[in-house]
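Below: the structure, in structure tokens.
So that the names make sense, note that chain A is the first sequence line, chain B the second, and so on, each numbered from 1.
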2 protein chains.
Amino acid sequence: MSENGRGPAPRAVSRRRSATRAVTMADVAQAAEVSTQTVSRALRDPRSVGPETLARIEKAVRETRYVQNYAASHLASNRSMTVAAIIPTISTSIFAETIQGLTDVLLPEGYQVFLGHTDYTTAREEALVRSLAGRRPDGFFIIGTKHTQEATDILKRTGVPVVESWSWTPRPIDLLVGFSNAAAMMEVVDHLVARGYRRLTFAGMIKPGDHRAKDRLKGFLDAHGRHFPGVEPRVVTTTSGPMVMEAGVELLERVRRDHPETDAVVFASDVLASGALLKCAALGVRVPQDLAITGFGNYDIAAHLVPGLTTIAIASRTIGMEAARLLLRRMQGEEVAARMVDVGFQLLARGST
Amino acid sequence: MSENGRGPAPRAVSRRRSATRAVTMADVAQAAEVSTQTVSRALRDPRSVGPETLARIEKAVRETRYVQNYAASHLASNRSMTVAAIIPTISTSIFAETIQGLTDVLLPEGYQVFLGHTDYTTAREEALVRSLAGRRPDGFFIIGTKHTQEATDILKRTGVPVVESWSWTPRPIDLLVGFSNAAAMMEVVDHLVARGYRRLTFAGMIKPGDHRAKDRLKGFLDAHGRHFPGVEPRVVTTTSGPMVMEAGVELLERVRRDHPETDAVVFASDVLASGALLKCAALGVRVPQDLAITGFGNYDIAAHLVPGLTTIAIASRTIGMEAARLLLRRMQGEEVAARMVDVGFQLLARGST
DNA sequence: CTGTTAGCGCTTTCAA
DNA sequence: TTGAAAGCGCTAACAG
């Protein structure tokens, strides 16, 4: 325990910082009677060393319980084998699906994922980008295509591939895996109009940094203007609070109070729509006869509600997987054929309309 | 562009690996006309350098667009400022809440979170622990208390704090933030019996590595044996497939076919219970008159279903936040008062029983 | 197939 | 308050 028991004349002054010296590659090399270089090679590509040497090294690794230090590896090789992922919030299962898809593809290739969430604020996003850039990830994955100038600059200067997602833009920072939220919403409106609904109201939670929600509203307004020129569009929104079903209930109540003539409510998310749909059942409002309801996202619940919820299905997991594949190709030095991937969307017409 | 234009006699042979040399602390130091030491100090503790020096350094940082390299920092200081988090799956919103809580507390303190998921297999968990250990995180967060011997060994030998969670054990590896799944399930059974139900059936998805689901089944069996000694407990399970409402629908169908006498179905998760409850509405099965249904987790949907779903509420986000606080204290060298935190659970009796 | 050398970019230690 | 030297644990480059 005593820190002083080192003896009188420690030749090369010990500059150790860690108390319990960890096993290093040098220890393995010594145990296997090879150089550290050979150990390094054996770990990265077992076929690059002789079979007997390899066996000795593997034995040494086991016996010394060696765990490679990636920080040192990273510093020496300039490859961190990590990918930074930036999402608005983890608690929305639909982004979780995307992250799951991302990690499902990246982990088997040896990449680890750093995760950060912005809570839908661009300021937090910028801080996160800066902080994550300091980890020198080999790639970035980020939800959204609108960022602060500073964040965009940092992302561009990292020199590593960047995938933006879940939106669409003609000029991505680098790579893009997304779809047009506006176009999807237009399709919802077209569908409602085709089914005979005429008094549509948009209801959504639009946080300051949530450009996907804004695009959906924009799509609604565009389509509404196209179908009902001159008619003032009905819009009910909240700008804060957790994205939970209760918010949908509250939005429904505001729609019924402020726009009682509404015959169809276009929600910006399945979460909100589900809350509203269930509330309708409790209130005795018949869906879709008295009121049609649409959602966005095709969450698990949408197909199970009674009636089923008409919504837009997004290939959430696919976005993550496709993004991972693009990143992998780039991180391995290959070129990608298409820098922009449109995963599209699909209108699922169910009983609620 | 030419790689050859270096001239004939490059004195000290360049051993650069990165093509575009990134801005380093030395560049900042040069621009600010101080040593790298001073820059380093200024970045870590601005008050440790003179105000004029600080101003020059801050200016230099801005002008050079310097982004600190944490890998080098990590290697030199032996602190990575990261925490590794291991969860069964990201796509289950209830774990996402926990991760959100964890990051909400850790990010402001400068820690970043590495995320990995095991898909409920202990083999993948072990691989993940090994891999994440190589990143030398300053702390581990892991869902569950049952691990392979090897994974346990690695976690113990890292020398950093480890928080296990979402279960209960008298002998955690290090720290514990959890609750007893079995006790929670017993309370569900007690509640049903008190309400007059006598023919209970357990229905759940029990994946091989999901010890929390197993504990819930165990709790059911214990309570069932206590209330109905000698009566064979009814249990319907699946062992694979995605945890979605459809699985709940299928379990419900099996319960109705194999155990038609059932008057209450005890589901191991709200997801399953919700699917079943909605299916009951579609089938015309009255809940709770014909069949009572209970869930587990108190997902957002539970309170909005009609009737409301009786379930066990878990402080999912709190688990993450509490774990983060324990880790922080330990990572900052302080002792923690209580190594084991029981966050408990709460039975929420709603209309479905 | 294997070893030697230098260095990745930062922080610790020690000295001024 | 600031600086000089050393080294964290690994890998690239080169040589054999």
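A:T89 and B:Q100 are linked by a side-chain donor-acceptor pair at a separation below 3.5 angstrom, with hydrogens and angles left out of the test. Remark: the B:T148 side chain and the B:E126 side chain contain an N/O donor-acceptor pair separated by less than 3.5 Å. In this model, no donor atom of one side chain and acceptor atom of the other lie less than 3.5 Å apart for A:T118 and A:T121.
Contact of A:R136 with C:dG9 (side chain to base): no donor-acceptor pair of N or O atoms is detected under 3.5 Å.
We find that CZ of B:R79 is positioned 18 Å from C1' of C:dG9, with the value rounded to whole Å. Summarising the geometry, the separation between CG on B:L75 and P on C:dT11 is reported as 11 Å, rounded to the nearest angstrom. With rounding to whole Å, B:R56 atom CZ is found 15 Å from D:dT1 atom P. Taking atom CD of A:Q30 as the reference point, atom C1' of C:dT2 lies 18 Å away to the nearest angstrom. In this structure, A:L43 atom CG and D:dG9 atom P are separated by 16 Å, rounded to whole Å. Whole-Å rounding puts the A:R44 CZ to C:dC1 C1' distance at 14 Å. The NE2-C1' distance, from B:H74 to C:dC8, rounds to 15 Å in whole Å. One atom, CE of A:M25, and another, P of D:dC10, lie 5 Å apart when rounded to the nearest Å.
Residue B:T53 places at least one side-chain N or O closer than 4.0 Å to OP1 or OP2 of D:dT2. In terms of phosphate contacts, B:S40 brings a side-chain nitrogen or oxygen within less than 4.0 Å of OP1 or OP2 of C:dT11. A close approach under 4.0 Å does occur between a side-chain nitrogen or oxygen of A:Q68 and OP1 or OP2 of D:dT11. Under 4.0 angstrom from either OP1 or OP2 of C:dT2 there lies no side-chain N or O belonging to A:T38. In this structure, B:Y66 reaches the C:dC10 phosphate: one of its side-chain N or O atoms is under 4.0 Å from OP1 or OP2. Applying the 4.0 Å criterion to OP1 and OP2 of C:dT2, one finds that A:S35 has every side-chain N and O outside that range.
Of the candidate nucleotides C:dC10, D:dG3, D:dT11, D:dT11 has the atom nearest to the side chain of A:A76.
When each of B:R41 and B:N69 is assigned the nucleotide of DNA chain C bearing its nearest heavy atom, the one mapping closer to the 5' terminus is B:N69.
Relative orientation of the A:F95 and A:W166 rings is perpendicular, given thresholds of 30° and 60° on the angle between their planes.
Looking at A:E52 and A:R56, no side-chain N of the basic residue comes within less than 4.0 Å of a carboxylate O on the acidic one, giving no salt bridge.
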